[in-house]
Colleague: 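This is the structure I want to talk about, given as structure tokens.
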Amino acid sequence: MSQTVDRALSILPLLAEGPADLGQVADRLGVHKSTALRLLRTLHEHGLVYRQSDQRYRLGARLFALAQEAMENLDVREIAHAHLVRLNEQCGHTVHLAVYEENEVLYIDKVESRYPVRMYSRIGKPVAITVAAVAKLLLADLPEHERRALAEKLDYPMYTPRSTPHAAAFLQELAKVREQGWATDLGGHEESINCVAAPIRGADGRVVAAMSVSAPNVVVTADELLTLLPLVRRTADAISGEYSGRTPAEPK
């Protein structure tokens, strides 16, 4: 039974490369055509493959529907939370998780700093979109025309002298973030607060969320906070692997 299941599942990545006829499927599996046909018929009955009019097989619509349903039911916060807590335990600073929804970047999780001086931020609150490190990562992943359109219609409040002053500077910063794969906010929103952030990616490589570590200058300098970037990026990569299914979930 396990060999039959293995063979049937092996057909799917073959058809992901493009339509294939019975002979091609049998050759790839190393089985007789009659065996390949039985497997294809079973997959066809479940809507996972479809037989075209030219007698070639391709992936079925049911497979795409299942994939979409699975993606919609993934909760990045639930997957990420244990990793955020672990990162907080390692560094002691405030850890945030954020997503981009309806032209806003929102915090969806937060683990408080263990230090007495804490950040004023809360789950569900929009971030300062033109300066926040998590926002830069989420917006940098948008298609270029969307980035430009969004940048042109944003306001650019000068929270501090280090805030992003206008759309051209913002687009330049997003291009830099897109290339390097991480982002910072070094006193752009509050002069005394610094932040480093890394992206969380789905199976298609797109950024689905961003996580950050933030700390005030009285606790740690900007340079000292930047030394945590490798740890932040490893944490984001671990969440990405679990979210996309590339790595198994860790026991809770």
Side-chain angles (χ1 to χ4, degrees), residues 1-84 86 97-102 106 108-109 137-146 178 181 198-211 233-252:
M1 178 62 72
S2 61
Q3 185 182 46
T4 301
V5 173
D6 181 69
R7 284 173 172 169
L9 293 177
S10 297
I11 293 173
L12 300 179
L14 165 62
L15 298 185
E17 299 171 8
D21 61 28
L22 179 61
Q24 290 172 311
V25 173
D27 289 343
R28 177 69 70 91
L29 297 180
V31 299
H32 193 273
K33 285 185 178 181
S34 60
T35 301
L37 182 59
R38 284 198 303 272
L39 296 171
L40 285 164
R41 280 176 174 169
T42 300
L43 292 172
H44 183 268
E45 288 170 4
H46 289 275
L48 302 180
V49 305
Y50 177 79
R51 190 174 68 175
Q52 302 178 158
S53 58
D54 63 2
Q55 305 306 307
R56 292 189 302 164
Y57 293 84
R58 61 171 171 80
L59 294 179
R62 177 62 177 155
L63 186 63
F64 297 106
L66 288 171
Q68 182 63 33
E69 185 176 353
M71 289 300 296
E72 290 174 355
N73 289 329
L74 279 177
D75 184 345
V76 68
R77 181 184 181 276
E78 181 179 349
I79 291 170
H81 185 72
H83 296 275
L84 304 183
R86 189 175 302 112
L97 180 70
V99 296
Y100 179 60
E101 290 183 356
E102 299 181 358
L106 306 169
I108 60 171
D109 203 359
L137 284 164
L138 289 160
L139 300 184
D141 192 60
L142 295 175
E144 184 177 1
H145 69 281
E146 290 186 34
R178 187 179 178 94
I200 296 166
R201 300 181 184 274
D204 59 358
R206 297 296 304 275
V207 176
V208 297
M211 55 158 296
R233 297 185 76 179
R234 285 197 300 272
T235 302
D237 288 345
I239 298 169
S240 299
E242 190 173 331
Y243 180 82
S244 65
R246 295 193 304 270
T247 56
E250 296 186 7
K252 297 179 180 178

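Both backbone and side-chain heavy atoms feed into the values below; hydrogens, waters and symmetry mates do not.
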Colleague: Work out which heavy atom in Ala98 is nearest to a heavy atom in Leu138; give both atom names and the distance.
Modeller: O-CD1, 3.9 Å
Colleague: Walk me through it: do Val208 and Val99 pass the test side chain to side chain contact (heavy atoms under 4.5 Å, CB included)?
Modeller: CA-CA 7 Å; Val208 297; Val99 296; over 6 Å; no
Colleague: Can you find a heavy atom in the side chain of Met211 that is under 4.5 Å from one in the side chain of Thr235?
Modeller: yes
Colleague: Nearest heavy-atom pair of Ala20 and Val25: which atoms, and what distance?
Modeller: CB-CG2, 4.2 Å
Colleague: Quick one: side chain to side chain donor-acceptor pair (under 3.5 Å) partners of Ser34, sequence neighbours excluded?
Modeller: His32
Colleague: Taking side chain to side chain donor-acceptor pair (under 3.5 Å) as the test, write out the residues that go with Gln55, two or more places apart.
Modeller: none
Colleague: Among all residues two or more places apart in sequence or in another chain, which pass the side-chain contact (heavy atoms from CB on, under 4.5 Å) test with Ala80?
Modeller: Leu84, Leu97, Ile239
Colleague: Determine, step by step, whether Val49 and Leu12 satisfy the side chain to side chain contact (heavy atoms under 4.5 Å, CB included) criterion, reporting the C-alpha distance in whole Å, the side-chain angles of both residues, the deciding distance to 0.1 Å, and the verdict.
Modeller: CA-CA 8 Å; Val49 305; Leu12 300 179; 4.1 Å; yes
Colleague: Can you name the side-chain contact (heavy atoms from CB on, under 4.5 Å) partners of Ser10, sequence neighbours left out?
Modeller: Asp6, Leu29
Colleague: Residues in side chain to side chain donor-acceptor pair (under 3.5 Å) with Asp54, at least two apart?
Modeller: Gln52, Arg56
Colleague: On a heavy-atom basis, which atom in Leu14 and which in Gln24 lie closest, and how many Å separate them?
Modeller: CD2-O, 4.3 Å
Colleague: Holding to salt bridge (Lys or Arg N to Asp or Glu O under 4.0 Å), I want the full list of residues that pass it with Arg38, two or more places apart in sequence or in another chain.
Modeller: none
Colleague: Yes or no on side chain to side chain contact (heavy atoms under 4.5 Å, CB included) for Glu144 and Arg178, after CA distance, side-chain angles and deciding distance?
Modeller: CA-CA 11 Å; Glu144 184 177 1; Arg178 187 179 178 94; over 6 Å; no
Colleague: Output all residues satisfying side-chain contact (heavy atoms from CB on, under 4.5 Å) with Leu37, sequence neighbours left out; order by chain, then residue number.
Modeller: Leu22, Arg41, Tyr57
Colleague: Do Leu142 and Tyr100 touch side chain to side chain, with heavy atoms closer than 4.5 Å?
Modeller: yes
Colleague: What are the two closest non-hydrogen atoms of Ser244 and Gly202, and how far apart are they?
Modeller: CB-C, 3.8 Å
Colleague: Name all residues meeting the salt bridge (Lys or Arg N to Asp or Glu O under 4.0 Å) criterion together with Glu101; count only those two or more places apart in sequence or in a different chain, and write none if there are none.
Modeller: none
Colleague: The criterion is side-chain contact (heavy atoms from CB on, under 4.5 Å); which residues satisfy it with Arg201, sequence neighbours excluded?
Modeller: Asp141, Pro199, Val207, Ser240
Colleague: Can you confirm whether Arg58 sits close enough to Arg51 that some side-chain heavy atom of one is under 4.5 Å from a side-chain heavy atom of the other?
Modeller: no
Colleague: Does Glu45 have any salt bridge (Lys or Arg N to Asp or Glu O under 4.0 Å) partners at least two apart in sequence or in another chain, and if so, which?
Modeller: none
Colleague: What pairs with Arg77 under salt bridge (Lys or Arg N to Asp or Glu O under 4.0 Å), at least two apart in sequence or on another chain?
Modeller: Asp109
Colleague: Taking only residues two or more places apart in sequence or in another chain, which ones pass side chain to side chain donor-acceptor pair (under 3.5 Å) with Tyr50?
Modeller: none
Colleague: Does atom CZ of Arg233 have more than 12 heavy-atom neighbours, drawn from other residues, nucleotides or ligands, at distances under 6.0 Å?
Modeller: yes
